[in-house]
Amino acid sequence: MKMNRGIAKRALGLGLAIVMALSVTACGKKQSGEPGAAGGQQEQSGGGQQVQAAGGEKIVNVGVTDTLNTLNPLLMDGGEINKYATGLMFLPLMELDSDLQFEGMLADSITAEDEHNFLVHIDESATWSDGKPVTADDVIYTALRLTSPVIGNPAMMYYVFVGVGDEGYTEKGADHVEGITKVDDKTVRFTTKDPMSLVTFQNSYARYLMTLPKHVIEGIAEEDLKSNEWFNHPDVVSGPFRVTDFDKDHYISYEANKDYWKGAPKIDRLNIKIVEGSQLYAGLKSGEIDVTQNTMSAIPMEDYESIEALENVTPVYGDPVTNQSVFIQTANVPDPRVRQAMLCAIDRNRILDQLMKGHGEVIDGFLSSASPYFDASITPVSYDPERAKALLAEAGWDSGKTLKFYVNSGDSTFINAASVIAAQWAEVGIKADIQTVDFATLMATATSRDYDVLAVQYTYAPVDPYADINWLINMEDSWTSYVNADVNDALSKVQVTNDTAETAKLYSIVDKKVQEDVPMFSAYVISSLGAVNKRLTGVQPSVYGFFNHVEQWDVK
């Protein structure tokens with residue numbers, strides 16, 4: 001099945017955790033009383049830790065390095081901050097918890113009737129903040145709008161459902177989706193065109209469908225749903241918080257939904273402060289930032305030891321899930337022997353130890369040890385420059401050729417790693433010209449495929465990496481232009497099995513083939529650092545499930 005541009009963007013959204021240290025506008029010091037300003041909301045104790053604001057309000061500040069794109073569930077693109085910032089108001093159907101288990105959020109169960117039909121049951125207790133129940137009609141209304149060509153969201157991949165066109169849209173003016181139907185007031189059936197595993201349905205769709213209140217917004221003209229002011233200050237929500245103010249480059253401020261059906265939040269206000277990575281350490285030290293999350297908060301590696309030494313903070317390392325992936329455009333480097341040489345010419349363990357201080361692991365392929373499908377028997381290709389030289393000689397490599405090697409200018413750690421990689425390639429006769437570009441340019445370059453090598457931090461969802469892998473190495477117009485019959489066969493079978501052991505065998509086939517043909521490789525997989533101020537309780541930084549029980553967060 002060919003991936004169209006919209007599907008490609010959605011696959012990208014699934015995986016690109018946007019954890020790379022993006023170059024974002026620095027968060028200037030706020031004036032007292034300004035939304036998002038710590039000074040206007042909280043006083044500082046002598047030790048720098050925050051205390052309750054005047055009037056006894058409990059306020060928590062989360063520091064992130066991603067900039068916000070939207071708070072509108074109809075415009076979701078898969079970027080983490082968009083997903084989580086919006087999910088605080090409009091719960092997804094399901095979410096992964098910190099143990100990579102699916103946990104009901106708005107739904108209390110999702111079951112597979114067969115390989116095409118999935119039943120979503122909404123929690124009987126689920127209500128909107130105005131007291132009205134959340135119903136199947138709300139879910140169906142939201143799904144219909146997500147498939148609307150008028151709204152035109154290219155990222156949600158709803159083309160998989162019966163009644164939705166291959167571009168992901170219904171006919172203009174459609175009043176229903178044939179494959180998304182009401183069973184009863186609390187149950188919706190989703191019907192897919194092709195076989196799909198329950199895991200894929202939950203991870204790719206249930207986690208990204210954030211239900212809207214039909215009874216509140218159905219009167220808004222469809223063409224106005226993308227820009228209506230209601231989405232910036234929604235007065236009816238299903239989640240624990242509602243937005244009071246935001247600046248997409250600097251902050252998002254929330255107040256507690258005291259009528260939250262899972263229980264009123266213990267804290268009164270929550271702020272997401274958008275800063276540069278270099279500001280996180282200072283914010284944690286002063287208490288202006290209470291907590292950072294392992295993927296949305298890109299702490300520079302050079303600050304890890306300093307944060308570990310803070311007395312007011314508990315550091316928490318996440319599972320190794322963020323892959324520093326290096327993609328090779330096989331149309332430009334077609335000989336697998338050259339690509340193999342590129343891999344064995346790199347001392348990845350040295351890079352991990354020296355630049356990452358050992359916080360991570362070296363693997364071959366896509367899946368890290370955090371995945372239930374990880375094959376520990378696959379031994380990563382070792383550093384062997386003499387073998388690299390032999391492979392290049394065998395392939396008749398032109399040592400005068402220079403590879404264009406694109407990296408993210410906001411990822412200072414990998415810029416250093418890229419310099420090491422290029423130097424080690426030069427030692428075996430491979431020239432590389434490193435191009436450091438901002439993230440937007442990097443993604444545009446990836447789409448154009450006008451490069452030889454491109455590196456980016458990419459999180460392959462440990463429980464369901466199918467969409468990303470299928471896009472990246474099983475499509476002729478993908479980032480790698482790599483297609484292989486064995487890979488295609490294995491990935492096709494992944495979609496029709498719910499057996500973990502069988503799925504692991506199929507992904508092992510893929511990773512072994514990637515190790516053999518090297519359309520991509522992992523420079524390293526990061527165990528990223530999160531941190532939480534000791535004044536907080538019920539807060540645990542984690543790669544997944546960070547906000548699942550935010551209503552239980554509290555201040556000592």
Side-chain angles (χ1 to χ4, degrees), residues 13 15-22 24 27 36 59-69 78-88 92 95-100 103 105 207 239-241 246 250-254 265 267 270-285 287-301 303-304 307-308 310 313-322 359-360 370 410-411 457-459 461-462 525-553:
L16 280 176
I18 318 300
V19 298
M20 38 304 259
L22 302 181
V24 297
C27 180
I59 302 173
V60 172
N61 293 319
V62 180
V64 305
T65 51
D66 295 350
T67 52
L68 179 71
N69 180 38
E80 280 204 336
I81 190 170
N82 303 322
K83 179 186 186 307
Y84 294 127
T86 304
L88 287 167
E95 189 52 271
L96 285 167
D97 65 17
S98 59
D99 296 321
L100 298 179
E103 177 179 3
M105 297 302 286
R207 290 183 63 225
F241 289 90
F246 72 94
H250 297 102
Y251 64 87
I252 316 165
S253 296
Y254 300 85
I267 62 173
L270 177 71
N271 297 314
I272 295 177
K273 303 184 70 173
I274 302 168
V275 300
E276 291 185 341
S278 60
Q279 294 176 290
L280 291 173
Y281 166 66
L284 288 166
K285 181 179 180 180
E288 291 185 27
I289 291 174
D290 294 301
V291 59
T292 63
Q293 190 258 357
N294 304 81
T295 55
M296 288 189 293
S297 313
I299 297 172
M301 183 59 59
D303 288 338
Y304 273 31
I307 289 174
E308 288 175 347
L310 290 176
V313 163
T314 300
V316 180
Y317 281 94
D319 293 328
V321 299
T322 301
H359 296 300
D411 187 348
Q457 287 185 13
Y458 205 125
T459 296
V525 185
I526 304 167
S527 292
S528 55
L529 177 64
V532 57
N533 194 298
K534 293 177 181 178
R535 79 187 188 100
L536 302 184
T537 63
V539 185
Q540 179 70 12
S542 59
V543 175
Y544 292 97
F546 178 57
F547 286 125
N548 284 17
H549 300 285
V550 65
E551 75 277 4
Q552 297 176 15
W553 291 12

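Side chains included, hydrogens not; waters and symmetry mates left out as well; all remaining heavy atoms used. Here the structure is a predicted model, which is why all the values come from computation and not from measurement.
Contact record, Phe547 with Met296: CE1-CE, 4.0 Å, taken as the closest heavy-atom pair. Between Val550 and Pro240, the shortest heavy-atom distance links the atoms CG1-CG, 3.5 Å. Residue Leu284 comes nearest to Ala531 through the heavy atom pair CD1-CB, 3.8 Å, listed as atom of the first residue, atom of the second, then distance. A pairwise comparison of heavy atoms in Asn533 and Gly287 identifies ND2-CA, 4.3 Å as the closest pair. Across all non-hydrogen atoms, the minimal contact from Ile59 to Asn271 is CG2-ND2, 3.6 Å. Taking all atoms of both residues into account, the shortest heavy-atom contact from Gly318 to Asn294 is N-ND2, 3.3 Å.
Residue Asp290 holds its CG atom at 5.0 Å from CG of Leu536, rounded to the nearest 0.5 Å. With rounding to the nearest 0.5 Å, the separation of CG in Leu529 from CG in Asp303 is 9.5 Å. Separating the NZ atom in Lys273 from the CD1 atom in Ile252 is a distance of 13.0 Å, to the nearest 0.5 Å. Annotation: the span from Thr86 atom OG1 to Ile81 atom CD1 amounts to 9.5 Å, rounded to 0.5 Å. Rounding to the nearest 0.5 Å places CD of Glu551 at 10.5 Å from CG of Leu88. Between the CD atom of Glu80 and the CG atom of Asp66 there is a distance of 7.0 Å, given to the nearest 0.5 Å.
Taking the side chain as every heavy atom from C-beta outward, Pro541 and Val291 approach each other to under 4.5 Å. The side-chain heavy atoms of Phe546 and Val62, taken from C-beta on, include a pair separated by under 4.5 Å. Two residues are said to be in side-chain contact when any heavy atoms from C-beta on lie closer than 4.5 Å; Asn82 and Leu68 meet this criterion.
Asp97 places a side-chain N or O within donor-acceptor distance of the main-chain N or O of Asp99, the cut-off being under 3.5 Å. Thr65 places a side-chain N or O within donor-acceptor distance of the main-chain N or O of Ala298, the cut-off being under 3.5 Å. Judged by distance alone, with hydrogens and angles left aside, the side-chain atoms of Thr292 form no donor-acceptor pair with the main-chain N or O of Gly63 at under 3.5 Å.
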Start with the C-alpha gap between Tyr251 and Asn61, add the side-chain angles, then the distance that decides, and say whether side-chain contact (heavy atoms from CB on, under 4.5 Å) holds. CA-CA 10 Å; Tyr251 64 87; Asn61 293 319; over 6 Å; no

Would Thr295 and Gln293 count as a side-chain hydrogen bond (donor to acceptor under 3.5 Å, both in side chains) here? Give the steps. CA-CA 6 Å; Thr295 55; Gln293 190 258 357; 2.9 Å; yes

Do Leu310 and Tyr281 pass the side-chain contact (heavy atoms from CB on, under 4.5 Å) test, and can you show the C-alpha distance, the side-chain angles, and the key distance before you say yes or no? CA-CA 9 Å; Leu310 290 176; Tyr281 166 66; 3.8 Å; yes

side-chain contact (heavy atoms from CB on, under 4.5 Å) between Thr459 and Tyr544, intermediate numbers included: CA-CA 11 Å; Thr459 296; Tyr544 292 97; 3.7 Å; yes

Trp553/Leu270 under side-chain contact (heavy atoms from CB on, under 4.5 Å): CA gap, chis, key distance, verdict: CA-CA 10 Å; Trp553 291 12; Leu270 177 71; 4.0 Å; yes

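Considering only residues two or more places apart in sequence or on other chains, Tyr304 meets the side-chain hydrogen bond (donor to acceptor under 3.5 Å, both in side chains) condition with none of them. Listed by chain and number, the residues in a side-chain hydrogen bond (donor to acceptor under 3.5 Å, both in side chains) with Asn548 are Glu103 (sequence neighbours excluded). For Glu95, the side-chain hydrogen bond (donor to acceptor under 3.5 Å, both in side chains) partners two or more places apart in sequence, or in a different chain, are Lys83, Arg207.
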